[in-house]
Amino acid sequence: MKHIKVRFAPSPTGPLHIGGARSALFNWLFARRYGGKFLVRIEDTDLERSSRESEENILASLTWLGLDWDEGIGVGGSGGPYRQTERLDLYHKYARRLLEQGQAYYCYCTEEELAAEREALLSAGEMVRYLGRCRKLRREDGLQLENEGRRAVLRFQVPDERVVIVADQVRGQVKFECSGMGDFIILKSDDVPTYNFAVVVDDHLMGITHVLRAEEHLSNTPRQILLYEALGWEIPVFAHISLILGKDRSKMSKRHGAAAIEQYQALGYLPEALVNFMALLGWSPGGEEEVFTLDQLQEQFSLDRLAKNPAVFDLDKLNWLNGYYIRQSSLDRVTSLAIPFLQRAGYLSSEATPEEQEWARLLVTAVREYLSNMSEITNHAALFFHVPDYNDPEARAVLEQEQVAPVLGAIKDRLVKTFDQKVLDEQGVKDFLKKMPKDLGVGGKKIYLPLRAALTGRTKGPELYHLIPVLGLNRAVVRLESALGFIFAQHSGSDLDV
RNA sequence: GGCCCCAUGGUCAAGCGGUCUAAGACACCGCCCUUUCACGGCGGUAACCCGGGUUCGAAUCCCGGUGGGGUCACCA
């Protein structure tokens, strides 16, 4: 394949959404796979809704995902500037050309007139479009209207009888009847280009060879093709990727929950999990493997494995993948990811002293296999900060068994004796627990579960040899004492009942 | 409503005319590991939207229906 060049061209009107991120990813993968170039351009022609803040947000999300670009905003290149509002003269130049070629004309129709036309067409069951009232408007009449204060838009004149065929890499030949299109606006009344016009000018001038974008743009494509033809430009290859749907099968949006990349970042999802997950929505590898790094994906990506049918966003699978990556990552990385969440929950000071960091490490080793995202760590940390109330029925039942009190008492004494001078680490606790049955002359059943119940107030949880070091000797002792107190209270209570 | 796209288990999906009594993953269920849970291992439940063609043969091709989605802006 020749010099491939693709692009991601977001509108800075909000954060980067899953759908956009997936488009960016596919473009990036395609460029990397075939040694092409990946470009990022900002489509900020919606002056009302665009903001620099959103732009920066989007770019930050791309970078966080690990997607870099060879040309465009922030990195420069020969096709710049890369913000559409900074290229207005370019659009005007080509708009003038279309005007001179007689393929564009000024339109002075008012909002009311257009609305009425729309209503009429809608109720007639026809395609809503502009019927071309101003097509034959003479220039002097137009100027007259301008003197009266009316502002014109520039419309592209669509051929009356024609079929435009979009040759799409994933959908095949898609036909569109020009009669249903209507003369569309290319320059708004403030001389800012509309999307359809700006993309064509930019994609051509920037040398884009392949346009990979979401399927919602498919119906715009014939208009863009008409523009390419009118300007005498080569038409890029199009590939419209099927949409990502929410649980209710409508296009994924905010109302389906977290839809922005930054939200997943904030919840403690790892970029490689998100990338892996998104790659599997609308694309599939040949084999049976489903876990891929960005590097592995770029070796395999190809257009012919893009799906035609839309994909429902499955949070369960994302969670599984993210949990998988959390388990795979180094302890250092997971710990540093965990610290901000622990600080926000008040479990760690804002300084995160070396001692606290060490403690966080212990916590992470104890609970990381329970996590599907990092924000969940605070739930697990809570266990260590609240003295158990022994209200959990199962834990209660365990503590109320025969012989539990003397065993717990003995463990407490030995714990103190053993670790008074020695560090309470995983191996030490392991050894300690291992010899308990022999030391106490009791079966493990009478030891481990009661100990767990006493220390945590629950019957389920991390390994005892992980849990006890996180707790530390003092808290462990305090909890054993309070468990003993609880057991004693229960017994005297039942004695009174008799 | 017009136009366009799509249709394999609950979800993502493999399949591109015979090897399909239809892969794999997530979820779910069971067993094992573990004196807990989770992780991990093993196994299981579960699908070709319907109707016509074409063909010796159709999940795969064609037509129709149904269903779902997208799009119809001086938003992109």
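Keep in mind it's a predicted model, so treat the numbers as computed, not measured. Chain naming here is simple, since letters A, B, ... match the order of the sequence lines and numbering starts at 1 in each.
- Counting non-hydrogen atoms under 4.0 angstrom, Thr13(A) reaches nothing in the nucleic acid.
- Comparing the C1' positions of C48(B) and A58(B) gives an interatomic distance of 11 Å, to the nearest angstrom.
- Checking G70(B), A25(B), C6(B) against every side-chain atom of Asn309(A), the shortest atom distance belongs to C6(B).
- Distance check on atom P: C63(B) versus A14(B) gives 22 Å, rounded to whole Å.
- For Glu463(A), whose side chain is taken as the heavy atoms from C-beta onward, the closest listed nucleotide among U36(B), C75(B), C5(B) is U36(B).
- Residue contacts shown for Thr459(A) include a base, since a base heavy atom lies under 4.0 Å away.
- Which of U36(B), U11(B), A13(B) sits closest to the side chain of Ser284(A) comes down to A13(B).
- Taking atom C1' in both G9(B) and A27(B), the straight-line distance is 12 Å, to the nearest Å.
- Nucleic acid contact for Glu216(A): sugar-phosphate only, since backbone atoms but no base atoms lie under 4.0 Å from a heavy atom of the residue.
- Within 4.0 Å (heavy atoms only), Gly180(A) reaches no atom of the nucleic acid at all.
- Between G64(B) and C3(B), the two P atoms lie 13 Å apart (nearest whole Å).
- If you check C74(B), C3(B), C12(B) against the side chain of Met127(A), the one that comes closest is C3(B).
- By the 30° and 60° cut-offs, the orientation of the rings of Phe313(A) relative to Tyr264(A) is tilted.
- Comparing A27(B), C75(B), U11(B) by their closest approach to the side chain of Trp320(A) singles out A27(B).
- Distance check on atom C1': U21(B) versus A46(B) gives 16 Å, rounded to whole Å.
- Within the nucleic acid shown, Arg118(A) comes within 4.0 Å of sugar-phosphate atoms alone, with no base atom in reach, counting heavy atoms only.
- Only the P atoms considered, G43(B) is 14 Å distant from A23(B), to the nearest whole Å.
- The residue Val153(A) sits close to a base: some heavy atom pair falls under 4.0 Å.
- When heavy atoms are screened at a 4.0 angstrom cut-off, His217(A) is found touching base atoms of the nucleic acid.
- Within the cation-pi definition used here (under 6.0 Å to the ring centroid, within 45° of the axis), Arg155(A) qualifies as a partner of Tyr130(A).
- No close placement of the Trp283(A) and Phe26(A) rings is indicated, their centers lying 6.0 Å or farther apart.
- At a threshold of 4.0 angstrom between heavy atoms, the contacts of Arg49(A) include nucleobase atoms, whether or not backbone atoms are also involved.
- Residue contacts for Lys247(A): at a heavy-atom cut-off of 4.0 Å it reaches no nucleic acid atom on any strand shown.
- Here the side chain of Asp46(A) is nearest to one of A76(B), A73(B), C4(B), namely A76(B).
- G41(B) and U34(B): their C1' atoms are spaced 12 Å apart (whole Å).
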For residues 392-405 of chain A, which side-chain donor-acceptor pairs fall under 3.5 Å, sequence neighbours excluded?
residue   : atom : partner   : partner atom : Å
Asp392(A) : OD2  : Ala395(A) : N            : 3.0
Glu394(A) : OE1  : Thr459(A) : OG1          : 3.2
Glu400(A) : OE2  : Gln490(A) : NE2          : 3.0

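- Using a 4.0 Å heavy-atom criterion, one finds that Arg305(A) contacts the sugar-phosphate atoms exclusively.
- For the P atoms, the distance from G15(B) to C5(B) is 22 Å, rounded to whole Å.
- Distances were taken from every side-chain heavy atom of Glu369(A) (C-beta onward) to each of A38(B), G2(B), U36(B); the shortest belongs to A38(B).
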